[in-house]
There are 2 protein chains.
Amino acid sequence: MNLSEIISGIEDVDKDFLDRARERTDQLVMPQRALGELHVIGEQLCGILRTLKPSVKKKAFLVMAGDHGIAASGVSAYPQVVTGEMVKTFLGGGAGINVLSRLEEAQVMVVDVGIIPDIPEQTGDGGRLLVRKIARGTQDFSQGPAMTRDQAESAILEGFRAAKALFHEGVEIIGTGDMGIGNTSASAAIGAVMTGTPVAGITGRGTGVDDEGFQRKCETIGLGIKRNAPDPKEPMDVLSKVGGFEIGAIAGIILAGAYFRKPVVIDGFISGAGALIAHGLCPATSDYVFAGHRSLEQGHGIILEYMGLRPILNLDMRLGEGTGAALAMHIIEAGACIIKEMLTFEEAGVSQA
Amino acid sequence: MNLSEIISGIEDVDKDFLDRARERTDQLVMPQRALGELHVIGEQLCGILRTLKPSVKKKAFLVMAGDHGIAASGVSAYPQVVTGEMVKTFLGGGAGINVLSRLEEAQVMVVDVGIIPDIPEQTGDGGRLLVRKIARGTQDFSQGPAMTRDQAESAILEGFRAAKALFHEGVEIIGTGDMGIGNTSASAAIGAVMTGTPVAGITGRGTGVDDEGFQRKCETIGLGIKRNAPDPKEPMDVLSKVGGFEIGAIAGIILAGAYFRKPVVIDGFISGAGALIAHGLCPATSDYVFAGHRSLEQGHGIILEYMGLRPILNLDMRLGEGTGAALAMHIIEAGACIIKEMLTFEEAGVSQA
């Protein structure tokens with residue numbers, strides 16, 4: 001299946017099930033919609049899954065890993081070697097996403113879509129690794145395009161295929177995660193171009209650059225946008241010129257969610273940039289997406305607002321890896337349980353207002 | 001044990017463990033404190049539990065139920081009979097708190113500290129009922145004191161004992177819940193008196209009164225405060241004059257948490273009023289308390305801020321029963337898991353910034 005076939009196979013969330021879900025909520029044994037956002041979440045799941053008994057019990061995280069040429073420009077507080085080291089940590093089970101996915105009883109699959117080192121495919125205590133390397137890192141986008149158009153499409157398709165395989169295994173909800181030193185720079189560039197926000201307004205400290213590093217980061221991103229002149233109306237142009245392999249792969253996961261009518265929970269800034277690409281290719285995808293949290297990274301809120309997504313959590317997190325998606329997935333499951341299991345006034349025999 | 005013995009047995013959270021927990025967080029394999037509030041939560045648990053390996057796996061909810069004389073003044077959208085009907089619904093397992101506590105794998109214990117109808121002690125699909133009735137509802141506080149001073153102390157002691165029994169069974173964390181038609185009026189009165197906020201600024205719509213009902217509710221609460229003139233510096237005076245049995249019992253749960261050095265998660269506005277009473281009796285209790293969420297009820301934020309508590313969730317909920325505490329308990333457990341299970345840079349062999 002190619003990208004245009006995928007996009008043409010995506011349909012809107014089912015309005016009839018959304019309406020029927022809202023009717024059910026109105027009858028539940030409590031003051032009208034007294035569980036607030038939990039109802040919105042549960043109803044959205046009904047519309048996505050075409051059922052009034054939504055289940056999101058079987059959970060998985062797809063952590064997309066890729067390296068970035070832009071890291072050579074000194075935009076990160078950490079050396080590039082950390083990307084591969086963290087992939088190994090994920091497989092060992094000692095990283096933040098491992099801890100939180102264990103709590104969610106969710107599997108973790110890491111996909112190497114373009115890290116520099118070679119780490120063989122394997123299953124560790126912390127999860128599985130798939131190697132789908134598109135290249136050993138992107139090119140430095142401050143000097144020219146990050147990748148070719150073909151590579152950008154491949155990145156999206158690898159994300160789509162990985163998600164498709166999980167859905168076919170019976171996974172009911174996927175959380176997106178990322179690893180890639182330099183990827184807040186690529187995400188800021190995508191966000192700046194696609195939402196029309198000035199670079200300084202959407203760029204953050206990432207893993208924690210100092211003032212001088214932040215200045216350099218903004219200048220480097222600005223230079224990259226100027227040199228490459230990506231077309232905001234052409235998401236594939238934006239992704240290939242200033243994006244990253246893992247960002248494209250995250251866009252692919254979201255397309256798969258919409259195509260296979262399954263919910264996808266996005267994590268922070270990098271997942272948000274992936275969602276922007278998917279949204280640009282097919283705006284209907286956003287109705288299949290839950291925004292797990294609002295990250296401390298200043299551009300994240302801008303990106304979510306642009307897509308009309310309300311973050312579920314706001315806990316000053318900024319780690320990535322899928323950690324914000326992991327915590328939110330529990331709240332999403334709670335939304336499913338409420339609409340599925342709570343009694344109505346009539347069923348409970350309770351007097352109404 | 002009487003109230004003053006309990007209070008004199010409460011000690012501050014352990015500063016040494018707090019410091020050691022922060023040192024551990026600083027070494028975890030991620031950018032400095034990149035999981036934001038999860039670290040604050042995990043460290044607080046270390047200080048409460050005097051350990052660097054905090055566990056909050058074994059969870060319970062204590063739902064305190066009581067009726068309110070003030071309901072006769074037409075301050076609620078629902079008839080008073082709903083209090084008892086909802087207690088039956090809790091025992092049957094079909095209410096919001098049942099759905100969410102099943103998801104948390106937490107037990108539910110309902111305590112009748114003063115509802116009007118007689119419902120025998122029993123264990124249902126949804127939880128256990130203890131009958132510790134102090135009276136068949138409070139008196140209408142717009143006409144005189146809601147209860148006697150002895151009844152107020154009894155309410156607190158019943159909450160303390162119920163929590164003590166659960167802690168002795170091995171429960172590691174308790175969420176507070178409430179049921180009682182009219183109890184947002186009592187909570188608003190407590191909040192107004194103890195935080196010094198005008199009645200109209202702290203009173204909300206409760207279960208959903210209309211404009212006329214809201215006007216009447218504010219006037220009734222104002223009248224009650226004027227007639228009873230509770231002393232803001234005397235929490236027992238406030239509780240007895242304008243409070244409720246379930247609110248006193250919630251204060252007792254919080255005192256038990258602090259006394260037995262266990263965390264307590266408070267729910268919404270009514271639990272917040274209970275926490276205010278506990279805070280007034282012993283300010284150190286607040287360090288043992290997590291604010292599960294910020295409710296839509298307008299006074300809730302004022303109460304939390306007064307006690308210096310940051311709500312974990314903000315999902316426009318306003319149901320009570322312990323539902324906000326239930327959702328937040330999962331985030332609290334995540335905070336415990338992060339500090340306990342995540343590797344350090346050194347353990348993971350990852351390069352530092």
Side-chain angles (χ1 to χ4, degrees), chain A residues 28-38 40-41 76-79 81-82 85-86 88-89 92-96 98-100 102-103 205-208 295-296 312-321 323 326-327 330-331 333-334 337-338 340-344 347-353, chain B residues 28-38 40-41 76-79 81-82 85-86 88-89 92-96 98-100 102-103 205-208 295-296 312-321 323 326-327 330-331 333-334 337-338 340-344 347-353:
Chain A
L28 297 178
V29 63
M30 64 182 152
Q32 282 290 296
R33 302 186 71 79
L35 287 173
E37 274 300 296
L38 279 196
V40 178
I41 291 167
S76 176
Y78 285 82
V81 68
V82 166
E85 290 172 348
M86 283 306 300
K88 287 178 192 162
T89 306
N98 301 113
V99 174
L100 298 182
R102 277 197 294 272
L103 184 62
R205 300 275 170 156
T207 50
S295 144
L296 260 194
I312 295 172
L313 299 171
N314 196 342
L315 294 167
D316 294 346
M317 290 164 60
R318 58 183 179 91
L319 178 54
E321 302 178 1
T323 49
L327 285 181
H330 188 78
I331 311 283
E333 189 174 8
C337 291
I338 286 294
K340 201 165 44 178
E341 299 176 21
M342 203 170 157
L343 296 185
T344 62
E347 289 162 354
V350 170
S351 309
Q352 300 215 34
Chain B
L28 298 178
V29 62
M30 64 182 150
Q32 281 291 294
R33 301 185 73 77
L35 288 172
E37 274 300 297
L38 279 197
V40 178
I41 291 167
S76 177
Y78 285 81
V81 68
V82 166
E85 290 173 348
M86 284 305 301
K88 288 178 192 161
T89 306
N98 300 115
V99 174
L100 298 182
R102 277 197 294 273
L103 184 62
R205 300 275 170 155
T207 50
S295 145
L296 260 195
I312 295 171
L313 299 171
N314 196 345
L315 294 167
D316 293 346
M317 290 163 62
R318 58 184 178 91
L319 177 55
E321 301 179 1
T323 48
L327 286 180
H330 188 78
I331 310 284
E333 189 174 7
C337 292
I338 286 295
K340 201 165 45 179
E341 300 176 21
M342 202 170 158
L343 297 185
T344 62
E347 288 162 354
V350 170
S351 309
Q352 300 216 34

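To find a chain, count down the sequence lines: A is the first, B the second, and so on, and within it residues start at 1.
- Options A:Gly36, A:Pro31, A:Pro79 differ in how many heavy-atom pairs under 4.5 Å they form with chain B, and the most are formed by A:Pro31.
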So A:Val29 and B:Met86, side-chain contact (heavy atoms from CB on, under 4.5 Å) or not? Walk me through it. CA-CA 9 Å; A:Val29 63; B:Met86 284 305 301; 3.6 Å; yes
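- Taking chain B as the reference chain and counting heavy-atom pairs below 4.5 Å, the highest number among A:Met317, A:Glu37, A:Glu321, A:Arg318 is found for A:Arg318.
- To the nearest 0.5 angstrom, A:Leu35 atom CG is 6.5 Å from B:Leu100 atom CG.
- No side-chain heavy atom of A:Thr323 sits under 4.5 Å from any side-chain heavy atom of B:Leu38.
- Here B:His330 contributes atom NE2 and A:Leu103 contributes atom CG; the two are 4.0 Å apart, rounded to the nearest 0.5 Å.
- Of the atoms belonging to A:Ile41, not a single heavy atom falls under 4.5 Å from chain B.
- Both the backbone and the side chain of A:Ser351 have a heavy atom closer than 4.5 Å to some heavy atom of chain B.
- Residues meeting the side-chain contact (heavy atoms from CB on, under 4.5 Å) test with A:Arg205, sequence neighbours left out: A:Val209, A:Asp211, A:Phe214.
- The greatest number of non-hydrogen atom pairs below 4.5 Å with chain B, out of A:Asn314, A:Leu296, A:Asn98, A:Leu327, is found for A:Leu327.
- With a 4.5 Å cut-off on non-hydrogen atoms, A:Leu313 touches chain B through its side chain but not through its backbone.
- Only the backbone of A:Gln352 comes within less than 4.5 Å of a heavy atom of chain B; no side-chain atom from C-beta onward does.
- Only the side chain of A:Val81 comes within less than 4.5 Å of a heavy atom of chain B; its backbone N, CA, C and O stay farther away.
- Contact count versus chain B (heavy atoms, under 4.5 Å) is highest, among A:Val82, A:Leu28, A:Val40, for A:Val82.
- For chain B, the nearby parts of A:Thr207 are the backbone and the side chain; heavy atoms of each come within less than 4.5 Å.
- Residue with the most contacts toward chain A among B:Leu315, B:Ile312, B:Ile338, B:Leu343: B:Leu315 (heavy-atom pairs, distance under 4.5 Å).
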